[in-house]
Protein chains: 2
Amino acid sequence: MATIDDVAKASGVSKGTVSSVFSKKRPISKEVTERVLAAAKVLNYKPNYWARSLANKSTRIIGLNIQGEKFKFSQFHLSLLNGVLSVCYEHGYRLLVNTLSHSYQNKLEHMVTGPANGEILLNPESEDERIIERLSGDVPIVLIGRPSSDFENHISYVDNDNVSMTEQITRYLLDLGHRNFLFLNAPKDRTVAVDRARGFLAAVQEAGLPQSSYRIVYKPDPDNSSLDFGYETTLKALQANQAITAIIADTDTMALGVYKAAESLRINIPSQLSVFAFSDDSVFSPEFTPPLTGVRLHAERLGREAAVMLIEQMTGNVNTVKRTIVPTDMVIRSSCAAPITNFGGN
Amino acid sequence: MATIDDVAKASGVSKGTVSSVFSKKRPISKEVTERVLAAAKVLNYKPNYWARSLANKSTRIIGLNIQGEKFKFSQFHLSLLNGVLSVCYEHGYRLLVNTLSHSYQNKLEHMVTGPANGEILLNPESEDERIIERLSGDVPIVLIGRPSSDFENHISYVDNDNVSMTEQITRYLLDLGHRNFLFLNAPKDRTVAVDRARGFLAAVQEAGLPQSSYRIVYKPDPDNSSLDFGYETTLKALQANQAITAIIADTDTMALGVYKAAESLRINIPSQLSVFAFSDDSVFSPEFTPPLTGVRLHAERLGREAAVMLIEQMTGNVNTVKRTIVPTDMVIRSSCAAPITNFGGN
DNA sequence: TCCTTTCATTAAACCGGTTTAATGATATGG
DNA sequence: CCATATCATTAAACCGGTTTAATGAAAGGA
């Protein structure tokens, strides 16, 4: 590949002039510009990205960091990614998807500053090493999801209001007459799981339900299939406890597992079992039989807001900590109904 | 951020020694290694990615290039992405998602070599400028999908056998008794659309169908919603031509559009209308009502194979052109059936 | 003991750009 | 007509690493 020196020599000018022609940071006479451009075309010269980044101290790369050994993108991530990408596109940034597991990143030979100029971290955990690590660097980060409270005032983030959202949807189910719940939650170390559990508990305790009439099961391993987890947990729970009339699932894929479990137990949804899911904006939710009632998290907007926030932090040197709450809305379809027999509680 | 010089000074050794400690490319005595590492820790030093890339002429970044102004990831891309990512992960590569439109990339200020060390190009077109552009550079590329025949012997690619696959599924529909087809195809400039059209035509012509009894509609704009295209095209076509009994859709999202159109016309699937889709491995396909019959393209495997092939080209300096055909398989569910009345043709 | 080999370390050159300070040429003003 | 301001251009320093050739010390051989 031709270098800037080759072009300089070929067109009889200095390096600096060629540089200016391409970066347009300094005016160059039209005549010279044309001569340089012509030489560049002949030599098939293109400025080297790395050299440029080194000198400029700026790649235009945004990192999207997702933890997980065998991470698989879900519908939710898909929408989120689309949101991030659209903003990246508008501002001429590139997106680097980084799913390297933490253990890998910590190996000495990989202790390197990343290529990204800013990072979006997904699925923050209560004690998230990634955050601590990033804090000492000078790459601005934005979280999607709430950080642990230690960092809440130090890091900008975008999130739904998981606590009150879950409280609200639990009340909805309570109002329908349900008194026996199974809550299939996200992995326990995620802050989102903590928040949703809080909202759920607030509602059921407000309603005066005894501890025996609700159970929260956390997805054990983030790398497991949500579908299987939903299926197996539901199967066991329903076999062990006939009283359960409502299941809240963390994702629509998990809800699909619930559907399948109900089917194999010949339990009808919604007459015998109500199913609710924290869904994304998936086009497929309406296609469940019966169509899935859930809450839209607006994953795409989460992604957009996070990207906008990050770019703001990267360009303006403002160090202000910001928070954006993306509103959610319930979409009532037909997977939730009043339980068959309801003698007024438990 | 601390630089290598700071560490060298702090630990009383030279730049080169510090470099060797981190890169392990030259043995350094244990004593010195520890001293350097200690100093690095104190200073919170991490080797700079860009400087390293410049000197090494190697990022460990793979680019995934998708054309489209307002590109949105679909289920298919999702699976594909998961496949690519899993391989990237295994080999310690990072993935750069590049959806910059072509016009943007061609602007002078963006005429730069990319940060990637190898690229995967999606959705190749008959006359794909991206390929020509890449050919002159020294970044190896791998396509997912067939390139135009001019390049077929110069570029490695991974693909399904679209021609015979489409021929096969068309025969399946013919065997069911269908004689009047609508084929909702991908955008015309994609090679995949050409191949599928070829397979389709081969089958219908072999069956001796007159031109009037089948129609291929190409999705006009790649940036449009597949759902809307499926819906609107189906609606118009069925209103104009009652004889149509079978629709082949390019994607499952498009098929969803067909379902909705059928619903609004009160046409029953599959008794009045059979629907077939080139689907990915979506967990949602079984959830269509009725469950969608289609062909699995194994998007994840397409992604995996492409990534493996690319890394092979990047590391081994082999310049051999390879091709991998990922097999497909039909999944017969219940959206296709014999047409109600079939008097033996047309 | 002296000479050669082995080994860790270093100074300096290099990767391919950007940027600063200096230079020379032209335009402006008194 | 000379002094000054304006402008395009350049040489050299710089970004932060890696690598080569040179150096000096310790080990091995005669």
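Within every chain, numbering begins at 1; the chains are lettered A, B, ... in the order of the sequence lines, protein sequences first and strands thereafter.
Here the nucleotide nearest the side chain of S29(A), chosen from dT9(D), dC15(C), dT10(C), is dT9(D). Closest contact between the side chain of K25(B) and the listed nucleotides dT10(D), dT18(C), dT19(D) involves dT19(D). Nearest nucleotide to the T17(B) side chain, out of dT19(C), dT10(C), dG17(D): dT10(C). The side chain of S14(A) lies closest to dT10(D) when the candidates are dT10(C), dT10(D), dT18(C). For K57(B), the listed nucleotide lying nearest its side chain is dG16(C); candidates were dA8(C), dT9(C), dG16(C). Distances were taken from every side-chain heavy atom of N48(A) (C-beta onward) to each of dG17(C), dT18(C), dG16(D); the shortest belongs to dG17(C). Candidate nucleotides dG17(D), dC15(C), dT10(D) were compared by shortest atom distance to the side chain of L54(B), and dC15(C) ranks first. Of the candidate nucleotides dT9(C), dA8(C), dG16(C), dA8(C) has the atom lying nearest to any side-chain atom of P27(B). Ranking dT19(D), dG17(C), dG16(D) by closeness to the R26(B) side chain, first place goes to dT19(D). Here dG17(D) is the nucleotide among dT9(C), dA8(D), dG17(D) with the atom lying nearest to any side-chain atom of R52(B).
Contact between the side-chain N/O atoms of Y45(B) and the OP1/OP2 oxygens of dG17(D) is found at a separation under 4.0 Å. In this structure, T3(A) does not reach the dG16(C) phosphate: none of its side-chain N or O atoms is under 4.0 Å from OP1 or OP2.
For the pair E34(A) CD and dA8(D) P, the computed distance is 15 Å after rounding to whole Å. In this structure, E31(A) atom CD and dC7(D) atom C1' are separated by 15 Å, rounded to whole Å. Rounded to whole Å, the distance from NZ on K24(A) to C1' on dT9(D) is 19 Å. The nearest whole Å value for the distance from the CG atom in D6(B) to the P atom in dG16(D) is 9 Å. Rounded to whole angstrom, the span from the CG atom of D5(B) across to the P atom of dC14(D) amounts to 11 Å. Rounding to whole angstrom units, CG of residue N56(B) and C1' of dG16(D) are separated by 12 Å. Whole-Å rounding puts the W50(A) CH2 to dC14(D) C1' distance at 21 Å. One can place CG of L43(A) at 16 Å from C1' of dG17(C), the figure rounded to the nearest angstrom.
Heavy atoms of K30(A) sit nowhere under 4.0 angstrom from any nucleic acid atom. Across all strands, V18(B) comes closer than 4.0 Å to no nucleic acid atom at all (heavy-atom distances).
Listed for the T59(B) side chain is no donor-acceptor partner under 3.5 Å among the backbone atoms of S53(B). Here the side chain of T113(A) pairs a donor or acceptor atom with the backbone of Y49(B) at under 3.5 angstrom.
Between the base of dG17(D) and the side chain of K15(B) there is a donor-acceptor pair shorter than 3.5 Å.
When each of L302(B), L122(B), L81(B) is paired with F76(B), the side-chain contact (heavy atoms from CB on, under 4.5 Å) condition holds for L302(B) and for no other.
Ion pairing between R130(B) and E119(B) fails under the 4.0 Å rule for side-chain N and carboxylate O. E90(B) has a carboxylate O that lies under 4.0 Å from a charged side-chain N of R304(B), or vice versa, which qualifies the two as a salt bridge.
Counted by atom type alone, S20(B) and T17(B) present zero donor-acceptor pairs between their side chains at under 3.5 Å.
Between G16(A) and I28(B), the residue anchored nearer the 5' end of DNA chain C, judged by the nucleotide with its closest heavy atom, is I28(B).
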